[in-house]
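None of these values were measured; they are calculated from a predicted model.
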2 protein chains.
Amino acid sequence: MQLELSLESLKRPGGRSARVRDAVLQATLAELAERGYGGMTVEGVAARSGVHKTTVYRRWRSVEGLIADALEMAREEPWPIPDTGSVREDLRGVVALVRTGFADPSAGPVASAFVAAAMQSADAAVALREFLTARHRQAAVVVRRAVERGELPSGIDAQEVIRVAVAPVYYRLFVTHEPVSAQDMERAADAALAAARTGVLQAAPHDDHDDMSQEPPG
Amino acid sequence: MQLELSLESLKRPGGRSARVRDAVLQATLAELAERGYGGMTVEGVAARSGVHKTTVYRRWRSVEGLIADALEMAREEPWPIPDTGSVREDLRGVVALVRTGFADPSAGPVASAFVAAAMQSADAAVALREFLTARHRQAAVVVRRAVERGELPSGIDAQEVIRVAVAPVYYRLFVTHEPVSAQDMERAADAALAAARTGVLQAAPHDDHDDMSQEPPG
DNA sequence: CTCCAATCGCAACTACTGTAGCTTTAAGCT
DNA sequence: AGCTTAAAGCTACAGTAGTTGCGATTGGAG
């Protein structure tokens, strides 16, 4: 019971449980894509997957649980980080990747649901945090390459540059709900770059522990 | 029927409808503060306000409707924009205002609920957008004063500087759910300032109409 | 003072979400 | 193959969110 989590991946890929999980998670993605987060329901997922609703309730507990699990799966797939030879273009490319990820008619609703679910459930929140941490790590290459090329000063906090670059896009998409123009994206990327150049985003000894994370209930 | 919205404020402040609205909205804030967005319910608000639940459903339709209306009320109250004589400190102050607005034990849950509700309902989304637009306008003085002082180049998009400054905080609070340290805030403010200095955030002729707002359902 | 229109209160009802108790199935082991 | 046990299926039900139709109240106009 204690080791189950780490053993999960060792179980037979064709076992009944695995089959059920697969069916349910795929149904989750499908439901999210066509009904959105607000329209998705546990019973809907159960019906579509052919799995009984009590089973879904038992294993995933709620819509947010389903989304958290789906999010864990999604962490696997890689990201086509750009490599143009110029930080400016690379950063703009990363920001554009983010936007299109939410703009795409099929993937967009799913991605948005992840963000919405993370605001309602602590489990979904950690799943999303881990997902995005992985993405930050991946995208940080863009900055490190720039340092090697001499485009940026060394000692920079690469992931923080990424965060500053994408933050305005997320802010517009999920907080102010303003439209995000191509120019907005360019300005966000270029602003992060300018900040990086002036040394504001240097990596610092993390002596500061003034925590203030936003805890969702449940 | 067509003019009702604009006439709303002209109605007697002590009329029955006004009394009901007041009681309900106050109950909404109270419920949000102690139960949070996820725990708030229309019936709870009705019970606390002493107004029948049918009435609440009829006038506000849902929890999100209640929040949207409460948000409209909240737009009134002013914001203690700092004026230290230095853009750097002023910007940092604005960012700190944002953080504490969500950190405060009584106001925090309410403010967070506004953001969460805007993700679920289109009405709440426009209410929040208008609210934040007002705040951006207020905070922009900080930048304009800096331009007058010669600290920043003229022709700058003052509100965009504010957006870039606060975006990383919102990103951490509501997207990645990472802790927000004092250093994180300083870096966000300083990054926006650096970008502003290098002229990346100049106001531009808005020829770009590549819209991509995030539409919530309902 | 009387009447009109709008709004609110009320009770009953529908539909749906999530749970409980029990039975059945199948994966893995010897 | 036969046995054990964890997990899935099923029925029934409890609780709650949201609706409807109608009667009562209120505020304002003539």
Side-chain angles (χ1 to χ4, degrees), chain A residues 1-28 31 35 37-69 117 120-121 123 217-218, chain B residues 1-28 31-32 35-69 117 120-121 123 217-218:
Chain A
M1 260 311 177
Q2 192 76 322
L3 297 176
E4 251 188 42
L5 215 82
S6 49
L7 289 176
E8 187 89 16
S9 47
L10 297 177
K11 284 185 178 172
R12 286 269 181 75
R16 180 156 81 156
S17 294
R19 244 180 358 251
V20 165
R21 188 178 116 114
D22 250 37
V24 168
L25 291 190
Q26 194 153 340
T28 298
E31 287 282 300
R35 299 204 206 289
Y37 175 66
M40 173 179 158
T41 165
V42 174
E43 305 218 20
V45 171
R48 182 190 282 254
S49 65
V51 171
H52 202 88
K53 75 166 182 170
T54 39
T55 300
V56 180
Y57 274 115
R58 271 197 285 254
R59 283 189 60 175
W60 288 275
R61 177 113 194 130
S62 68
V63 206
E64 286 75 26
L66 285 165
I67 293 180
D69 203 7
Q120 308 286 348
S121 125
D123 289 347
Chain B
M1 260 313 176
Q2 193 76 321
L3 296 176
E4 251 188 41
L5 213 83
S6 50
L7 289 175
E8 186 91 14
S9 48
L10 297 177
K11 283 185 179 173
R12 288 271 181 73
R16 180 159 80 158
S17 294
R19 246 184 350 256
V20 165
R21 187 178 117 114
D22 249 38
V24 168
L25 291 190
Q26 195 153 340
T28 298
E31 286 283 300
L32 275 182
R35 300 203 204 288
Y37 175 66
M40 173 178 158
T41 165
V42 174
E43 304 217 25
V45 171
R48 182 190 282 254
S49 65
V51 170
H52 201 88
K53 76 166 181 170
T54 318
T55 300
V56 180
Y57 273 115
R58 271 198 283 253
R59 283 189 61 174
W60 286 275
R61 176 123 191 123
S62 68
V63 207
E64 286 74 26
L66 284 165
I67 294 180
D69 202 7
Q120 308 285 349
S121 127
D123 288 348

Rounded distance in Å - [atom1] ([X]) to [atom2] ([N]):
X: A/R19; N: C/dA26; atom1: CZ; atom2: P; answer: 8 Å
X: B/L66; N: D/dG18; atom1: CG; atom2: P; answer: 11 Å
X: A/M40; N: C/dC16; atom1: CE; atom2: C1'; answer: 16 Å
X: A/W60; N: C/dT19; atom1: CH2; atom2: C1'; answer: 18 Å

I need the B/S121 OG to B/R61 CZ distance, nearest 0.5 Å.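 So the gap between those two atoms works out to 11.0 Å.
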
Rounded distance (nearest 0.5 Å) linking atom CG of B/L66 with atom CZ of B/R59: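 The CG atom of B/L66 sits 10.5 Å away from the CZ atom of B/R59.
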
Measure across B/S62 and B/V42 and return the closest heavy-atom pair with its distance rounded to 0.1 Å. C-CG2, 4.1 Å

For B/K53 and B/E43, work out which heavy atoms get closest and say how close. NZ-OE2, 3.4 Å

Return no unless some side-chain N or O of A/T55 is found under 4.0 Å from OP1 or OP2 of D/dG9. yes

Sugar-phosphate or base contact per nucleotide [nucleotides 10-16 of chain D; S, B, -; heavy atom under 4.0 Å]: BB-----

Both B/Y57 and A/V20 contact DNA chain D. Which one's nearest nucleotide lies toward the 5' end?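 Checking each residue's closest nucleotide, the 5'-ward one belongs to A/V20.
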
Short side-chain donor-acceptor distance under 3.5 Å, B/Y37 and B/E64: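 Note: B/E64 and B/Y37 side chains meet the donor-acceptor criterion.
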
Please check: side-chain N/O of B/T55 versus main-chain N/O of B/V51, any donor-acceptor pairing under 3.5 Å?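 Side chain of B/T55 to backbone of B/V51, a donor-acceptor pair under 3.5 Å: no, none is there.
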
